[in-house]
> 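Structure in structure tokens, see below.
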Amino acid sequence: MGLTTKILIAMLAGIVVGVLFNFLSASQLLGSGVTGAINSYLTEGLFDIVGRIFIASLKLMVVPLVLVSLVCGACALSEGHRMGPLAGKTLLLYLFTTAAAITLALGMALIIQPGVGVDVAPGGAFEPKESPPLSEVLVNIFPTNPVAAMAQGNMLQIIVFALLMGYAISRCGAPGQRIAALFNDLNEVILRMVGVLMVFAPYGVFALLAQTFATLGVEFILDLGKYFLVVLGTLLLHALGVYPLLLKALSGLNPVELIKKMRPAMVFAFSTASSAATLPVTLSTVEKRLGVDNKVAAFTVPLGATINMDGTAIMQGVATVFIAQMYGIEIGLMGYLTVILTATLASIGTAGVPGVGLIMLAMVLQQVGLPLEGIAIVMGVDRLLDMVRTAVNITGDAVVSTIVAKSEGALSEEIFNDRNYESVADGRGAVAAQ
């Protein structure tokens, strides 16, 4: 049984067990004593501990993987003087997909009208964190202390430092070659560590989903069912419609192969609801299953995990229309155009800021004069939607990375079209055929 199959089985088993535990807890069929023991020792005990350890283990790999991979990639790119064009194409594609996502979301919400006739009492006031001014964001991209940036997990600062270091290494002659060789060896070691963690992936996925659904159940979806279904449907349409069309149009590659090979990373993203925690798996998958050269993937994937907010943009688009319809406020065509522009630029302007999704939504609502209390309402179903939109985000990272790699001649089509690629990583990031 391949790793992908094991993860999918663990995901389904976790959902079933979680829903069952939630039902037992709500119905008290087994009595309060047994139910309390299940909640204490399994839901809030074993499942929570295993899930948190798994997430922590994945996050452990993020900073060293991004730093080392980016240094290796920057060394290779700097030698060919392709850093500027690569960065430009990557940034433009991420902005385009985000703008397409928010436009699609607004269109779907205006057609289906999820907020019409909804009478939901506000769940309390929502106090958004203050978003930093654009000037501060731009200045903070450049680290004053790279060690502090790595300690805090500030991805944009780590990316800038790694690119500068890689460029400098490529210009140092023999000393640079020795350092580059060291980083290439470190890259192999880190990928081996990722491979070791993947062995325990099914257990972590099971624990995360069991704990989530045991806590939430499925009833929480029913209160805002129409909103939930519109966001979910738009996310799936973007992932299975817009991305494949974009990949086919700009690279000529088969989108079905990309979706198939991204399944393990998508399952991880769904389970963790964190692009950063999924980053090691995404990077390994893009390189080893899609055939994207490390010098491209090491730049595009970490950048995408930081600024690519397609899934979040879809949530914001639907939530904006939902809140406007629920409160009976008409914001007009210019309002919707403002939503598109604000959400697209905010995806970069708020990159790396904690609680970025809610900050972006608060910014959008403020721009068009909608009450922020609406955020407290949609937050009720946001946890599961967050899991889905994270899977969409990392799929977008893979699509953009593949398109950019194809345009740069840094894509192995033999690997991309190899249908026997099964595992995400064995120890070195290589994959084992079935």
> For the CG atom of Leu182 and the CD atom of Gln177, what is their distance to the nearest 0.5 Å?
14.0 Å

> Okay, side chain of Lys261, backbone of Phe416: is any donor-acceptor separation there less than 3.5 Å?
yes

> Is the shortest side-chain N to carboxylate O distance from Lys89 to Glu408 below 4.0 Å?
yes

> For Gln113, which residues count as a side chain to side chain contact (heavy atoms under 4.5 Å, CB included) partner, sequence neighbours excluded?
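Side chain to side chain contact (heavy atoms under 4.5 Å, CB included) list for Gln113, sorted by chain: Val116, Gln325.
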
> Only one of Leu235, Val318, Ile314 clears side chain to side chain contact (heavy atoms under 4.5 Å, CB included) with Val230; which?
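Going through Leu235, Val318, Ile314 one by one, the side chain to side chain contact (heavy atoms under 4.5 Å, CB included) with Val230 is satisfied by Val318 alone.
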
> How far apart are the closest heavy atoms of Met315 and Tyr227, and which atoms are they?
CG-OH, 3.7 Å

> Quick one: CZ on Phe270 to OG1 on Thr390, what's the gap to the nearest 0.5 Å?
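Spacing of CZ (Phe270) from OG1 (Thr390) equals 10.0 Å.
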
> Any donor-acceptor pair under 3.5 Å linking the side chain of Ser284 with the backbone of Val281?
no

> Counting N and O atoms only, with roles assigned by atom type, does the side chain of Arg171 sit under 3.5 Å from a partner on the main chain of Ala168, one being a donor and the other an acceptor?
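Checking the backbone N and O of Ala168 against the side chain of Arg171, no donor-acceptor pair under 3.5 Å is found.
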
> Could you work out, with side chain to side chain contact (heavy atoms under 4.5 Å, CB included) as the rule, every residue matching Val147, not counting sequence neighbours?
Asn145

> Step by step, would you call Met266 with Thr278 a side-chain contact (heavy atoms from CB on, under 4.5 Å)?
CA-CA 9 Å; Met266 292 166 73; Thr278 314; over 6 Å; no

> Quick one: pull up CD in Glu287 and CG in Asn187 and give me the separation to the nearest 0.5 Å.
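If I round to the nearest 0.5 Å, the distance is 7.0 Å.
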
> Look up atom OH in Tyr94 and atom OG in Ser401, then write down how far apart they are to the nearest 0.5 Å.
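Going from the OH atom of Tyr94 to the OG atom of Ser401 covers 4.5 Å.
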
> Which atoms form the tightest heavy-atom contact between Val267 and Met11, and what is the distance?
CG1-SD, 4.0 Å

> Please tell me if the side chains of Met262 and Leu290 come closer than 4.5 Å, counting only heavy atoms from C-beta onward.
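Contact flag for Met262/Leu290 side chains = yes.
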
> Show your reasoning for whether side-chain contact (heavy atoms from CB on, under 4.5 Å) applies to Ile307 and Leu91.
CA-CA 9 Å; Ile307 71 170; Leu91 190 59; 3.6 Å; yes

> Should Lys248 and Leu253 count as side-chain neighbours, where that means a heavy-atom distance under 4.5 Å?
no

> I'd like to check Val404 versus Val400 (side-chain heavy atoms, cut-off strictly below 4.5 Å). Are they in contact?
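Yes, at least one pair of side-chain atoms sits under 4.5 Å.
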
> Please tell me whether Asn393 and Asn308 have a donor and an acceptor in their side chains that are separated by less than 3.5 angstrom.
no

> List the steps, then state whether side-chain contact (heavy atoms from CB on, under 4.5 Å) holds for Met150 with Leu67.
CA-CA 9 Å; Met150 286 183 271; Leu67 177 66; 3.5 Å; yes

> Could you tell me if the side chain of Phe299 sits less than 4.5 Å from the side chain of Leu303, heavy atoms only?
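A side-chain contact under 4.5 Å exists here.
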
> Grab the two heavy atoms, one from Pro244 and one from Ala239, that are nearest each other, plus how far apart they are.
CD-O, 3.3 Å

> Which heavy atom of Asn22 sits nearest a heavy atom of Ala214, and at what distance?
ND2-O, 3.0 Å

> Give the C-alpha distance, both sets of side-chain angles, the deciding distance and a yes or no for side-chain contact (heavy atoms from CB on, under 4.5 Å) between Val17 and Phe47.
CA-CA 11 Å; Val17 170; Phe47 294 160; 4.2 Å; yes

> Would you call Ile169 and Met165 a side-chain contact if the rule is heavy atoms closer than 4.5 Å?
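Yes, at least one pair of side-chain atoms sits under 4.5 Å.
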
> Is Val71 close to Leu186 at the side-chain level, that is, under 4.5 Å between some pair of heavy atoms?
no

> What are the two closest heavy atoms between Pro143 and Val160, and how far apart are they?
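So the minimum-distance heavy-atom pair works out to CD-CG1, 4.1 Å.
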
> Between Tyr336 and Val321, is there a side-chain heavy-atom distance shorter than 4.5 Å?
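SC-SC contact between Val321 and Tyr336 confirmed.
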
> Can you list the residues that meet the side chain to side chain donor-acceptor pair (under 3.5 Å) rule with Thr97, with sequence neighbours excluded?
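Thr97 satisfies side chain to side chain donor-acceptor pair (under 3.5 Å) with Asp310 once adjacent residues are dropped.
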
> Given the side-chain rings of Phe161 and Phe142, with only the six-membered ring counted for Trp, is the space between their centroids under 6.0 Å?
no

> Measuring from Leu197:CG to Phe54:CZ, what's the distance to the nearest 0.5 Å?
7.5 Å

> To check you understand the geometry: which heavy-atom pair defines the closest contact between Ala405 and Val292, and what is its length?
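Smallest heavy-atom distance, with atoms named: CB-CG1, 3.6 Å.
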
> With rounding to the nearest 0.5 Å, note down the distance linking CG in Leu86 to OG1 in Thr300.
7.0 Å

> Ring centroids only, cut at 6.0 angstrom: are Phe228 and Phe322 within range, meaning strictly under it?
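No, too far apart.
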
> Does a side-chain heavy-atom distance below 4.5 Å link Val242 with Leu237?
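The answer is no, as the side chains (C-beta and beyond) never meet within the 4.5 Å cut-off.
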
